[in-house]
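Positions are given from 1, in the same order as the sequence printed here.
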Amino acid sequence: FFLTGLAMIVPPSTAAATTATAVAAALATAGGLLLLRHLSREATILPPHLVVPLNPALPGRQEEELLFRLKLLGSGAPEAAPAATGVPKRTLIVGGGIAGLLLAVLLAKAGSHVQLCEKRSSQDVRQRTDPVRAVGMTLSARGVRALLRALTMEEVRSVCVPLEGRCVHPTGGGDVSVIPWTAQDQRLMPLQAMDRQALCALLARKAEEAGVTVFTGYTCTRVDLKVGAIYFDTPDGPVQFFADLIVGADGINSTVRQAFAPYTQQAVNTIPMAWVHVTLAPAVCSQLQLNMRQIHVWPRGNILLHALPNVHHTAVCTLIMPRNAESAALQPGTADWSFDRLDQGGSQYKLQRCVQLCRDLWPELLQADETLPSQIERAQPSSFGEVKSSSFHHEARAVLVGDAAHATFPFLGQGVNMALESVQLLAAALCAEGAASLGQRLAAYTTMRSAEADALHRLSRAQYAYLTRSTASATFRARQGLQRKLHALFPRWVYPVKYALLNFYDVSYSEVAAIAAEHARSWWPGEL
């Protein structure tokens, strides 16, 4: 570069300019040849699963690895032994969320007598959502792959909206920045904005069609792992069940997981942030000219407003904000706003402070939707939780799935995908033919998923800093845009960005964490 600049400065007719130009051309040629040699030598650095997007119709790499492990466990059995599976005769699932319902369908189809107990009412479990109560989630290709074990692609699409990218709305209402996902990433399965309650209603219907007995209004009070007994409070009084396998799918405050406490190390971690849901009506989305095929983000220092479209043409927004002034001060930015500040002075002043919050941070939203402050005022802030457990099973008696096993912070949108993938692998482990015992199958499931849970916890914690600070940085967005272009040009040699790896490729969470760590030490600093 120096010699080329010198050649541009000195008169072109001089010998110095000619020499500088010749030397610069020689160096550029040599550098290009060295780069091509390096790239050709390192061409195998990215294996095929990092180049070709995930096909949800095919078994995943983790499922193949799990089945291979189980095959090795049963390799010592006599050859004359008949093929068998680990599907229990009687299965009781505590919790009727997405993970519990999907597992109920898969095990019932495999021949188990499945009973599912849910504390919500029958109407809450079976009805499809309405636009006011819709809760949005992002469903990636790995989540779709698990759902296709029980649903058709048309049924999955009926509760989802395909997404094309992320739109960042800057402070002051300036020009938005669109971060698209490439056609290469999305050519097999685009990221989906999913309506959680509609999916639950669909899975509940499938469960009943498969012969699952569903009890609603049943609140689990105690689990006795020694004898396989589960105790419930019901509208008709206390009842008791017995099962060969108890499945805890009862969320972050799992009663089944509490029964594991004498045998495992557990922790429920929180961060000093809280969240509430608000909804933008179709007319508001139209007035704001929101693209309903994009995720919309309004980063304001340590405060974040995140919106997902849904099948009702509304946008479900999650407002993430510090819970109190002390936690707000931990991160510079709009640190004077917190949920506790909204409550100061009594409820009669809360609406006024909510109006001021919206006026300070999102004046364009307040102008389009006057109900936004009142929605924030009525909402009850919820905490973020992260569950860690040293084991996801207890002997051959009980096992955990979903948030009961590995609840994570939602900043990557991977909680539901992790849960669905865990259900897929657990069902595969139980239904696989072989001589492995039920306890060995559950142990193999725990070994594989605990490593993945630890990796996702690390990735999710790091993502919050990215959403609140990096998305607002023009330099960072330019760097990511360049990386996307380089990956499109050299897919065998340049990693996809982290978000693409998680959502479009058959890459485990532990692999993504390792790639992100390697990337942070490379010549291309910053978030992957």
Side-chain angles (χ1 to χ4, degrees), residues 63 66-67 69-71 73-74 76-78 80-97 99-118 146 149-150 203-216 218 220-232 234 239-250 254-257 259-260 263 391-402 404-405 422-446 449:
E63 182 175 342
L66 179 62
L67 296 180
R69 291 185 183 184
L70 292 176
K71 185 177 180 180
L73 288 173
T85 69
V87 177
K89 291 183 180 180
R90 298 175 303 165
T91 304
L92 191 139
I93 300 175
V94 182
L101 286 167
L102 177 60
L103 184 62
V105 174
L106 298 181
L107 293 185
K109 287 184 175 181
S112 180
H113 174 63
V114 180
Q115 295 175 308
L116 186 146
C117 298
E118 166 60 36
R149 300 294 195 272
L203 288 172
R205 179 167 57 84
K206 290 290 183 179
E208 292 176 341
E209 291 174 358
V212 177
T213 305
V214 179
F215 299 95
T216 55
Y218 279 49
C220 182
T221 56
R222 187 167 66 90
V223 177
D224 188 340
L225 295 177
K226 293 182 180 179
V227 297
I230 313 98
Y231 303 86
F232 294 91
T234 76
V239 297
Q240 179 182 1
F241 288 89
F242 291 91
D244 299 314
L245 179 64
I246 301 168
V247 179
D250 46 343
S254 170
T255 303
V256 179
R257 190 183 68 249
F260 283 35
Y263 316 102
S391 179
F392 296 162
H393 78 288
H394 176 68
E395 298 176 350
R397 181 68 73 184
V399 65
L400 303 172
V401 295
S422 292
V423 168
Q424 173 198 340
L425 293 175
L426 177 59
L430 295 176
C431 297
E433 292 186 352
S437 66
L438 178 58
Q440 289 175 321
R441 294 167 188 265
L442 299 181
Y445 160 80
T446 285
R449 297 313 285 170

Can you name the closest pair of heavy atoms from G100 and A249 and give their distance?
CA-CB, 3.8 Å
Between the CG atom in L67 and the CD atom in E433, the distance rounded to the nearest 0.5 Å is 11.0 Å
Exam field: side chain R449 to backbone A444, donor-acceptor pair closer than 3.5 Å
no
Go through the steps to decide whether T255 and F232 satisfy the test side-chain contact (heavy atoms from CB on, under 4.5 Å), and finish with yes or no.
CA-CA 11 Å; T255 303; F232 294 91; over 6 Å; no
Ring centroids only, cut at 6.0 angstrom: are F241 and F215 within range, meaning strictly under it?
yes
Pairs satisfying side-chain hydrogen bond (donor to acceptor under 3.5 Å, both in side chains), at least one member in residues 100-112, at least two apart
T91-S112
Can you name the residues that form a salt bridge (charged side-chain N to carboxylate O under 4.0 Å, His left out) with R149, not counting sequence neighbours?
E63
Yes or no on side-chain contact (heavy atoms from CB on, under 4.5 Å) for V247 and V94, after CA distance, side-chain angles and deciding distance?
CA-CA 6 Å; V247 179; V94 182; over 6 Å; no
The criterion is side chain to side chain contact (heavy atoms under 4.5 Å, CB included); which residues satisfy it with K226, sequence neighbours excluded?
D224, Y263
Using side-chain heavy atoms (C-beta onward) and a distance below 4.5 Å, is L426 in contact with L442?
yes
Is the backbone N or O of L225 less than 3.5 Å from a side-chain atom of R397, with the two atoms forming a donor-acceptor pair by type?
yes
Minimal heavy-atom distance between S391 and F260, with the atoms involved, is O-CD2, 4.2 Å
Treating Q440 as the side-chain partner and S437 as the backbone partner, does any N or O pair qualify as donor plus acceptor under 3.5 Å?
yes
So, T221 side chain and Y231 main chain: donor-acceptor pair closer than 3.5 Å or not?
yes
Are any non-hydrogen side-chain atoms of Q115 and I93 less than 4.5 angstrom apart?
no
Please examine the side chains of L245 and V399, heavy atoms only from C-beta on, and report whether any two atoms are closer than 4.5 Å.
yes
Heavy-atom pair with the smallest gap, counting every atom of A99 and G402
CB-CA, 4.3 Å
All heavy atoms of G248 vs all of A404, minimum pair found to be O-CB, 3.5 Å
When rounded to the nearest 0.5 angstrom, what distance separates CD in E208 from CG in L116?
10.0 Å
State, to 0.1 Å, how close Y445 and V401 come at their nearest heavy-atom pair, and which atoms those are.
OH-CG1, 3.5 Å
S422 versus F392: any side-chain heavy-atom pair under 4.5 Å?
no
Nearest-0.5 Å distance that lies between atom CG in L438 and atom NE2 in H393
9.0 Å
Is there a side-chain contact (heavy atoms from CB on, under 4.5 Å) between F242 and L92? Walk through the geometry before answering.
CA-CA 8 Å; F242 291 91; L92 191 139; over 6 Å; no
Do NZ/NE/NH1/NH2 and the carboxylate oxygens of K89 and D244 come within less than 4.0 Å?
no
Looking at every heavy atom in both I230 and C220, which two are closest together, and how far apart are they?
CG2-SG, 3.8 Å
Please step through side-chain contact (heavy atoms from CB on, under 4.5 Å) for the pair R441 and L70, ending with a clear verdict.
CA-CA 7 Å; R441 294 167 188 265; L70 292 176; 3.9 Å; yes
